[in-house]
Amino acid sequence: MGTTQAHRGPDGTMHATASDGRAVLAMNTLLIVDQQAMPGPYSDRATGILLAFNGEIYNYRQQAKAWGIPLAPRETDAHLVMRAWAKLGPSCLDGLDGMFALAVYDPRAGKLFLARDRLGEKPLYWRLDGARLAFASEVTTLTGYGPAPLVLRPEVLAIETPVGVDTPFQGIQLLAPATLLSFDVVTGSLDQHTYWALSDRQPFTGTYREALAKFSVVLAEQVPLRAPACDFALLLSGGLDSSVLAYLLRPPVCVTVRYPGQDRLDESKTAARIAVDIGAELVVVEPGPADFTTVLPHMMSALDYPMGNASTFSEYMAYRKIADLGLKVAVGGLGPDEFLMGYVRQALVLFGADAVLAAGMDAYKPLAAKLLHTAGEDLDPSEAVTRLVLRGPDPERRIHDLIAAAMGAAESDLARGLTLADLATSWRPLVMTSDKLASAYALERRSPFLARELVELSYRMPVEYKIEHPAEGKRILRDAAKALGLPREVWGSRDKLGFASPVPAWLNGPLAGWADAQIITALAQAPAAMTPLLEGGLKPGGRFDRTRMQALMAAAWFCDQTVRAAA
C-alpha cells in the first residue's frame with residue numbers, strides 16, 4: 001500500500017510494526033522542514049506509540065515550548081505530534097495549527113486513531129475489512145487492498161462531486177475534516193467525533209476600523225508563518241488573493257497560467273507587474289488543446305475520481321512546471337472567496353440578481369437567471385443557493401437539504417450561512433484537487449489563508465465587513481491589500497478569474513471530435529448508472545456549462561479504473 005502512493009513522498013517509503021503486533025503503519029516521506037530528517041513512520045520508545053503523518057504543523061515550535069516537549073536536532077513537527085499524543089492524548093489536536101492527516105497507534109489503549117485537519121486540506125480515506133481497518137491518503141491505495149465496486153453517487157450528477165464522507169467506491173469513506181476516529185483493535189469497535197466546528201465561533205462585535213486592524217495584524221503574522229524554509233513557488237493568477245500572498249511571502253518564483261488568444265482569461269500582465277515589484281522570477285505556462293489530451297489520463301489518475309473544479313487543468317499544468325523547476329512546495333490562495341464573500345453567487349443571494357447585474361456584472365446573466373421565480377414570491381436563501389450551485393438534477397433534494405442544514409447552523413447570519421454552505425458543497429473538490437494534483441508531482445501544497453486564526457476571524461465578522469457592493473466582495477482583504485501597497489488593478493478589480501481555463505470551449509471546438517470519441521468509448525463499457533452522466537456530455541454546452549467536461553473526466557476516470565482492475 002505504501003509503494004502504491006510512493007509518489008506522494010519520494011524521500012522514503014517505509015513501514016513499521018507496533019510493539020504488540022496489532023498494527024502496521026506505512027509512510028511516504030516528503031522532507032520539507034528538515035532535508036536531513038529521518039523518514040517516518042515514527043515511534044516513541046517510552047510508550048510504543050507509532051505515528052504516520054502527512055502535512056505540516058506550522059506552530060509546532062511554539063507548541064513544543066508551551067507543552068514542555070523537547071525536540072532534538074533533526075526532529076520535526078511529526079516528532080512533536082508523536083510526543084504530544086503520548087503526553088496529552090487526542091486533546092493535543094486543539095493546539096495544532098496546520099494541515100494534516102495522521103494515524104496514531106497507541107498500544108497502551110489498544111487503539112488506532114485517525115485525524116484530519118480542520119478544513120480538510122489533507123485527505124484520509126478508510127475502510128473496514130472484517131475486524132481490520134485500513135486507511136490511506138488515496139482511494140486507489142484502498143481499492144488495491146480489496147474489492148470496492150464503483151457506486152455513482154446521486155450528488156455527482158447534481159454538483160459534480162461526492163459530498164460528506166462518500167466516495168464512488170463501495171465501502172470506502174473519506175474521514176470528515178476536523179474529525180477524530182478511534183478504532184479498538186481488540187473489539188473492533190469504532191467511534192468518531194468532531195473536535196472543532198467553525199459554526200461555534202462567536203460574532204465579532206467591534207467596529208470596522210477595529211476589525212481591519214485586527215485582520216491586518218493576523219494576516220501579517222499568520223501568512224509568513226506558512227512560508228517554507230526552502231525555495232518555493234507561488235501560484236500567481238494576478239487576482240487579489242494570490243497577489244496579497246506575493247507581497248507577504250516574497251516568493252523567489254511565481255508561476256502563472258496563460259492561454260494564447262483568450263484575453264478575458266489573461267491576467268499575466270498584472271502578475272508580471274507584481275513579480276517585478278517583489279523581485280520574483282515569473283514563469284508563464286501556456287497550455288494548448290493538445291496538452292489537455294495528453295495529460296488527461298494522468299490528471300484523472302491523480303485525482304482518484306472526478307471532482308467539480310473549473311481550474312483543474314490550469315492547476316495541474318502549473319504544478320507540473322513547478323516540479324520541473326526542482327521545487328518541493330507550491331503555495332496558493334484558497335480561502336478568502338469562501339470566508340469573505342468573494343463569489344458572484346454569494347452576491348446574488350445577498351443582494352439579488354438585479355443589483356448584481358446593475359453593478360456591471362452582465363457576464364453573469366446565465367447564472368443570475370437561475371434565480372428567476374414567480375413574481376412577488378420570496379425565494380428562500382437555501383433554495384437560492386441550491387439553484388446557483390446545481391449543475392444537474394437533484395430529484396431527492398439531497399443537495400438542497402445539505403445546504404439548508406449548513407445554513408441553519410449559522411443561526412440566521414446569511415453570510416456565515418453562505419460560508420458553511422460552500423464548505424458543505426464546493427469546498428471539498430477545491431482542497432482535494434489542490435492536494436492530489438500537487439502530490440502527483442511530489443509537491444506540498446500550502447494555503448496560508450487557511451490559518452486557523454484568520455479563518456475564524458473572517459467567519460465571525462459581520463457581512464458588511466466582507467461585502468458592501470455587489471461587485472466587490474472581500475472588502476476587508478481589499479482594504480488590507482491597499483494598505484500593503486498593492487497596485488490598484490489588484491485591490492480595485494471586480495471580476496474574479498483565478499486560474500480559469502478555456503477547456504469547456506475547446507471541447508465544443510477543436511477537441512469536439514476527440515471528446516465525443518472518449519465519451520462513446522466509455523459508454524460502451526461503463527455501468528448503467530453512469531449512462532446519464534456520459535450521455536449528457538455528448539451534447540454541446542454554453543459558456544457556464546461544464547457538462548461535457550464532467551462527462552469527459554468521468555470517462556477518463558472509468559477507463560483508468562478499468563486498466564487498474566485488469567492489472
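Model, not experiment: these values are computed from the prediction.
Here the OG-CE distance, from Ser447 to Met99, works out to 7.5 Å after rounding to the nearest 0.5 Å. Taking CG of Leu454 as the reference point, atom CG of Leu225 lies at 12.0 Å (rounded to 0.5 Å). Of the inter-residue distances, the one linking Phe339 atom CZ with Leu418 atom CG reads 12.5 Å to the nearest 0.5 angstrom. In this structure, CE on Met27 lies 10.5 Å from CG on Leu102, to the nearest 0.5 angstrom. Separating the CD atom in Gln222 from the CZ atom in Arg226 is a distance of 5.0 Å, to the nearest 0.5 Å. Between atom CG of residue Leu180 and atom CG of residue Leu114 there is a gap of 8.0 Å, rounded to the nearest 0.5 Å.
In this structure, Arg61 places its CZ atom where only 12 or fewer heavy-atom neighbours from other residues, nucleotides or ligands lie under 6.0 Å away. The local environment of NZ in Lys328 is crowded, with over 12 non-hydrogen atoms from other residues, nucleotides or ligands closer than 6.0 Å. By the neighbour-count criterion of 12 heavy atoms within 6.0 Å, atom CE of Met38 is sparsely surrounded, having that number or fewer from other residues, nucleotides or ligands.
The aromatic rings of Tyr195 and Phe100 sit parallel, their planes meeting at an angle under 30°, below the 60° perpendicular limit.
Smallest separation of non-hydrogen atoms from Asp277 and Pro487: OD2-CG, 4.2 Å.
Without hydrogens or angle criteria, Arg118 side chain to Ala178 main chain gives no donor-acceptor distance under 3.5 Å.
Contacts of Glu444 classified as salt bridge (charged side-chain N to carboxylate O under 4.0 Å, His left out), with partners at least two apart in sequence or in another chain: Arg446.
Taking the six-membered ring for Trp and the full ring otherwise, Phe113 and Trp85 have centroids separated by under 6.0 Å. In summary, the aromatic rings of His298 and Tyr441 are positioned with their centroids under 6.0 Å apart.
Note that Arg475 lies in the cation-pi zone of Tyr208, set by a 6.0 Å cut-off to the ring centre and a 45° limit from the axis.
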